[in-house]
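No experiment lies behind these values; they were computed from the predicted model shown. Excluded from the calculations below are hydrogen atoms, water molecules and symmetry mates; all remaining heavy atoms, backbone and side chain alike, are included. Residues take their numbers from the sequence shown, with the count starting at 1. Atoms within a ligand are numbered from 1 in the order they appear, just like the ligands themselves.
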Amino acid sequence: MTSIVTLGSHCALQVLKGAKDEGFTTLLVCEKKREKLYRRFSFIDELILVDSFKEILEQRCISKLEEKKSVIIPHGTLISQMEPSEIESIKIPIFGNKWILRWESDRKMKEKLMLESRLDIPKSVSNPKEINGLVIAKRNGAAGGKGYFLATSEKDYKRKRDMLIDQGLINGDNDLYLQEYAFGVSAYLQYFHSPVSDNLEFFGVDRRYESDIDGLGRIPAPQQTDINKIPSFNVVGNSPLVLRESLLDEVYSMGERFVEAAKRLVPPGMNGPFCLEGVYDENSKFTTFEFSARIVAGTNLYIDGSPYSGFLYDEPMSMGRRIAREIKIAKKENQLSRIIT
Ligand code: AMP
């Protein structure tokens with residue numbers, strides 16, 4: 001009997017609820033400090049208590065997960081708390097393609113995959129001297145937007161960079177990646193690609209609610225300059241969005257190009273959930289500034305299905321449940337090896 005396991009954070013509730021709905025045994029690797037929270041949910045069959053998530057690399061956890069024939073569902077917390085090489089060394093089967101997670105974490109590889117997918121991406125700025133216009137400085141790794149800042153000149157950049165150094169958030173220029181700021185309204189496009197049916201499903205779209213930047217609109221512009229703090233882009237939650245129907249065709253095309261490019265560059269390709277993240281400009285042109293090569297937390301909005309999954313399924317279908325459904329189908333058709341790495 002296969003068990004579905006994930007780390008206690010990010011979208012763990014959605015993933016394990018979906019797994020339970022599809023008839024799987026559910027396991028949660030849970031930090032002791034969060035035990036009380038996760039014990040509230042009856043669809044979690046068992047908790048493996050740890051002091052740190054890195055313990056899943058240790059024999060005690062591995063034996064337990066092997067005994068339960070576990071499949072790990074990776075999410076943002078796995079990526080932010082472990083090095084790509086550590087994730088790749090995990091011996092327990094990981095749903096999707098664990099090799100592509102390195103491409104998500106590494107800025108250069110990320111850019112390459114997006115370019116191969118023929119997505120419009122903002123230009124990167126390799127040297128602060130070249131800043132001439134609005135740029136966003138992003139910290140390397142999955143910082144979740146914390147400590148990101150905007151700058152319009154080298155001088156402005158240096159002042160803000162030094163403030164982050166003082167706060168201990170970065171060591172220097174090498175910890176920052178500069179990219180042209182993309183104007184427009186943000187949209188985070190959620191997809192699921194099934195290698196079993198070789199089909200791409202558009203599952204939903206959300207917007208992120210980021211502090212401090214999304215709170216700035218409440219403060220009149222003259223007072224904004226009085227705030228003695230660099231406004232950050234730290235995700236606090238997500239809100240739903242539906243797109244103009246005329247945009248959907250291009251949404252599918254972008255997703256398909258991404259899947260094709262991933263198949264070429266990172267075998268076995270982009271299997272399972274992923275997200276293209278960017279902005280629509282006034283001409284409805286989408287600029288992609290990021291991708292996530294695994295389930296994103298924005299899917300937590302759609303536990304009972306989304307305005308898009310409702311067109312594909314006659315039952316409530318969350319992304320978590322869709323993952324479990326894929327494992328169920330693959331198992332039945334003896335194709336498990338195609339959907340795990
Ligand atoms: P990321 O870590 O790339 O997902 O970025 C975190 C947040 O920073 C995003 O959700 C956006 O609000 C913002 N952001 C990142 N890159 C850009 C960009 N090139 N232009 C505009 N906003 C951006």
Counting only heavy atoms, tell me which of E210, E180, R208 gets closest to atom 7 (C) of ligand 1.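 Looking at heavy atoms only, E210 sits closest to atom 7 (C) of ligand 1.
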Main-chain N/O of R139 paired with R107 side-chain donor or acceptor, under 3.5 Å: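 Pair found, side chain donor or acceptor close to backbone of R139.
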Please check this pair: side chain of N300 against backbone of H10, looking for a donor-acceptor N/O pair closer than 3.5 Å.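 Between the backbone of H10 and the side chain of N300 there is a qualifying donor-acceptor contact (under 3.5 Å).
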Does the residue Y188 have a heavy-atom contact with ligand 1, meaning some pair of atoms that are separated by less than 4.0 Å?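 Y188: in contact with ligand 1 (<4.0 Å).
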Would you please determine whether P122 falls within less than 4.0 Å of ligand 1 on a heavy-atom basis?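 For ligand 1, residue contact (heavy atoms, under 4.0 Å) with P122 is present.
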Short side-chain donor-acceptor distance under 3.5 Å, T77 and S80: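 Note: S80 and T77 side chains miss the donor-acceptor criterion.
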Below the 3.5 angstrom mark, is there an N/O of R107, backbone or side chain, next to an N/O of ligand 1?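 No; every N/O pair is 3.5 Å or more apart.
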What atoms of ligand 1 come closer than 4.0 angstrom to any heavy atom of [X]?
| X | value |
| --- | --- |
| K138 | 3 (O), 15 (C), 16 (N) |
| E290 | 1 (P), 2 (O), 3 (O), 4 (O) |
| A182 | 18 (C), 19 (N), 20 (N), 21 (C) |

Using a 4.0 Å heavy-atom cut-off, say whether F233 meets ligand 1 through its side chain, its backbone, both or neither.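 It is the side chain that touches ligand 1; the backbone stays farther off.
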Identify which one of D175, I230, D156, D173 satisfies the side-chain contact (heavy atoms from CB on, under 4.5 Å) criterion when paired with R161.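 Filter result, single survivor: D173.
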Single hit among E290, E180, E111 for side-chain contact (heavy atoms from CB on, under 4.5 Å) with I121: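 That would be E111.
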For atom 14 (N) of ligand 1, grab the closest protein heavy atom and report residue, atom and distance to one decimal in Å.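 Looking at atom 14 (N) of ligand 1, the protein heavy atom closest to it is I136 CD1, 3.5 Å.
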Between I100 and L113, does the side chain to side chain contact (heavy atoms under 4.5 Å, CB included) criterion hold? Intermediate values first, please. CA-CA 10 Å; I100 203 169; L113 186 47; 4.0 Å; yes
Could you give me the CA-CA distance, side-chain angles and deciding distance for Y191 and E201, then say whether side chain to side chain contact (heavy atoms under 4.5 Å, CB included) is met? CA-CA 6 Å; Y191 303 86; E201 298 163 24; over 6 Å; no
